[in-house]
Amino acid sequence: MLAARQLQESQALADLYADRIQLALSAGAIIGTWVWDLPHDQFTVDEAFARSFGLDPALGRVGLSLEQVIATVHPEDRQGLVAAINEVVARGGAYAHQYRVRRSDGNYYWIEANGRVDRAPDGTPLRFPGVLINVEDRRAVEAERDRAIVALRTLNDTLEQRVAERTGELMRAEEALRQSQKMEAVGQLTGGVAHDFNNMLTIIRSSVDFLRRPELPEARKARYLDAVSETVDRAAKLTGQLLAFARRQALKPEVFDVGAKLRGIADMLDTVTGARIRVVTQVPDEPSFIRADLSQFETALVNIAVNARDAMEGEGTLTLRLTSGSAMPPIRGHAGSQNAFAALSLTDTGAGIAPDQLGRIFEPFFTTKEVGKGTGLGLSQVFGFAKQSGGDVDVRSRPREGTTFTLYLPEITVEGQPERPAEDASSLAPVGAGQRVLVVEDNLEVGRFCTQILQDLGYETDWAVNAEEALTKLGEDGAGFEVVFSDVVMPGMGGIALARDLQRRLPDLPVVLASGYSHVLAQDGAHGFELLHKPYSAEQLSTVLRHVTARRLRRGRA
């Protein structure tokens, strides 16, 4: 019975091998079969096996030794093959191992040996049949896959670095583009400023040349003096517009009802726009308070109105509309805000703005008007004022359908505004009463000229070329000075820092600041000190000094 069962098992195993061999042959993968008689160390191989390895088929049928078979294995794979054979012979059962062998053409190919070690009932290894399968193509695919995996891992490892490098390249390219655009804008700005200032300097120089003539009649002398004064005012207005566009204008913010101011400005706009333009005002009854520079606010509205007048060629309708509590929408790619804004719109019935020009109208010196009809700084002032005041300006226009400019300014809550007490004119200190003024100015020409003006006005003056020297002259008690008149931008300690130091040390000593440009003042309009804008006149300087000395006298009487 045992022999019959073993015969059946052997037959079943033979059938299984036959099926596997047939499948492999059908696939074209088998290159030979073998049966190894383990006790006698004899390999019998089929004709295909013998041809593949350049062996004599007759010898293959008689039997080969393991040493003869291993002789065809690649030297680098022999040790691994011997180890795999010893392992399966020791344990019995299935066997599979891949290695390279030299075939009849002299080249090495990858094969896979599949077989099984049959054992006697007592465990003695008897037979080791098997097949050789060509896996060269499969190994090539696997090798390619492995190379792709390594490449992918390398790519993943370096991806972050490559992205960073690419991002850096893009940022550098973007910065180069911005710099190019900036230089183009600076060139345009410089050309416009040089043109306008050269015109003004021509007037001033010519007028001064004539004023030096001793035989010049008084009437003509007065005319040239007026020309110089008016030209200086125009130059100051031009620099103010440039600073407003650059958001560097030293503003004097105050709280006011924008609706009330709008009604008052509307009356003035009737004169600016002319009789053939109808000005319509739509203002709600409820007050809407904002905190802004009133002069710059009025200038912005006038600039928009003048553009509207020119767009309507002197005839049409200009509508001023105020909406309170409005959210500010996104404008020109900048984020909007859900906070409360006073939205002040000016709508004209003019020719409109061409789409290709709409994105440039706020650029300095860009204008669609004819030569001599505009400087191109009006709307840039509007833009700078709006941004510096915490808002923005939007424009909507279509050719032949008119244009709407909307100025967004942040609203504030006001419970009540105290009235500013009027100054008693009789309490004002007279000019020329000998009050002592310390001038702090690092520019030698301006310092000499300023002290001369003050002396001509009747003040006693001393001059420090920087803040540190001024502190030394003032000492611990003020050294008898009644006013400090200081420039803002100076080497070392600036004017604001000096004023704040004196406010702490000598709180009763008033400080007046003067500046033509200061980013510090532009960022901190609430510095709390009197500010005189350059260029200033002798009358303006006298008025400010009278104001601060009178205030000091009132505090002393109290």
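The structure displayed is predicted, hence computed values, not measured ones. For the single chain, residues carry numbers from 1 onward in sequence order.
- Note that CD of Gln68 is 11.0 Å distant from CD1 of Ile70, once rounded to the nearest 0.5 Å.
- Between Lys387 and Asp392 there is a salt bridge, with a side-chain nitrogen of the basic residue lying less than 4.0 Å from a carboxylate oxygen of the acidic one.
- The distance between the ring centers of Phe43 and Phe128 does not fall below 6.0 angstrom.
- Here the CG atom belonging to Leu344 is positioned 5.5 Å from the CG atom belonging to Leu301, to the nearest 0.5 angstrom.
- No side-chain heavy atom of Leu64 sits under 4.5 Å from any side-chain heavy atom of Trp34.
- Counting heavy atoms from C-beta on, the side chains of Val117 and Leu38 come closer than 4.5 Å.
- Judged purely by distance below 3.5 Å, without hydrogens or angles, the side chains of Thr406 and Ser345 never pair a donor atom with an acceptor atom.
- At distances below 3.5 Å, not a single donor-acceptor pair connects side-chain atoms of Glu112 with backbone N or O atoms of Ile133.
- Contact of the Thr347 side chain with the Leu318 side chain is not registered, since no non-hydrogen atoms from C-beta on lie closer than 4.5 Å.
- Separating the OG atom in Ser397 from the CZ atom in Phe405 is a distance of 7.5 Å, to the nearest 0.5 Å.
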**Message:** For a side-chain contact (heavy atoms from CB on, under 4.5 Å) check, start with the C-alpha distance between Tyr95 and Asn114, then their side-chain angles and the critical distance, and finish with the verdict.
**Reply:** CA-CA 6 Å; Tyr95 164 83; Asn114 282 271; over 6 Å; no
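- Crowding of Glu313 atom CD: a count of heavy atoms from other residues, nucleotides or ligands under 6.0 Å not exceeding 12.
- Not a single donor-acceptor pair under 3.5 Å links the side chain of Ser389 to the backbone N or O of Leu409.
- Here the side chains of Met312 and Thr349 are in contact, with some heavy-atom distance below 4.5 Å.
- To the nearest 0.5 Å, atom CG of residue Leu262 and atom OG1 of residue Thr281 are 6.0 Å apart.
- A heavy-atom distance below 4.5 Å is not found between the side chains of Gln42 and Val35.
- In terms of modelled atom types and a separation under 3.5 Å, the side chain of Asp77 and the main chain of Tyr99 share no donor-acceptor contact.
- Between Leu322 and Gly259 the shortest heavy-atom distance is CD2-CA, 3.6 Å.
- With values rounded to the nearest 0.5 angstrom, Leu66 atom CG is found 5.0 Å from Ile85 atom CD1.
- In this structure, Asp37 and His40 approach most closely via the heavy-atom pair OD2-ND1, 2.9 Å.
- No side-chain donor-acceptor contact under 3.5 Å links Glu254 to the backbone of Asp293.
- Residues Met493 and Glu468 meet the side-chain proximity criterion, which asks for heavy atoms closer than 4.5 Å.
- At least one donor-acceptor pair under 3.5 Å links the side chain of Asn86 to the backbone N or O of Val82.
- The shortest distance between side-chain heavy atoms of Phe341 and Glu411 does not fall below 4.5 Å.
- Closest approach of Ser288 to Ala342, counting heavy atoms only: OG-CB, 3.7 Å.
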**Message:** I'd like to know whether Thr33 forms a side-chain contact (heavy atoms from CB on, under 4.5 Å) with Leu132, so could you lay out the CA-CA distance, the side-chain angles of the two residues, the decisive distance to 0.1 Å, and finally the verdict.
**Reply:** CA-CA 6 Å; Thr33 65; Leu132 295 180; over 6 Å; no
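- What you find for Ala94 and Val88 is that their closest heavy atoms are O-CG2, 3.4 Å.
- Between the Gln388 side chain and the Phe385 main chain, no donor and acceptor come within less than 3.5 Å of each other.
- At most 12 heavy atoms of other shown residues, nucleotides or ligands fall within 6.0 angstrom of atom CZ in Arg398.
- Checked by atom type and distance alone, the side chain of Arg78 pairs as donor or acceptor with a backbone atom of Val73 at under 3.5 Å.
- For Trp36 and Asp41, the side-chain atoms include at least one donor-acceptor pair closer than 3.5 Å.
- The backbone N or O of Val89 lies less than 3.5 Å from a partner atom in the side chain of Arg119, making a donor-acceptor pair.
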**Residues Glu76, Arg100; criterion side-chain contact (heavy atoms from CB on, under 4.5 Å); working and verdict** = CA-CA 9 Å; Glu76 295 179 1; Arg100 288 166 292 179; 3.2 Å; yes
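- By the 4.5 Å heavy-atom criterion applied to side chains, Phe256 and Leu294 are counted as neighbours.
- No donor-acceptor pair closer than 3.5 Å links the side chain of Thr404 to the backbone N or O of Arg396.
- In this structure, CG on Leu81 lies 13.5 Å from NE2 on His74, to the nearest 0.5 angstrom.
- The two residues Ser326 and Ala343 come nearest to each other via the heavy atoms OG-CB, 3.9 Å.
- Shortest non-hydrogen contact noted between Leu346 and Ala305 is CD2-N, 4.3 Å.
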**Asked** Asp442 and Asp487: side-chain contact (heavy atoms from CB on, under 4.5 Å), yes or no, with the steps?
**Response** CA-CA 8 Å; Asp442 64 301; Asp487 191 20; 3.6 Å; yes
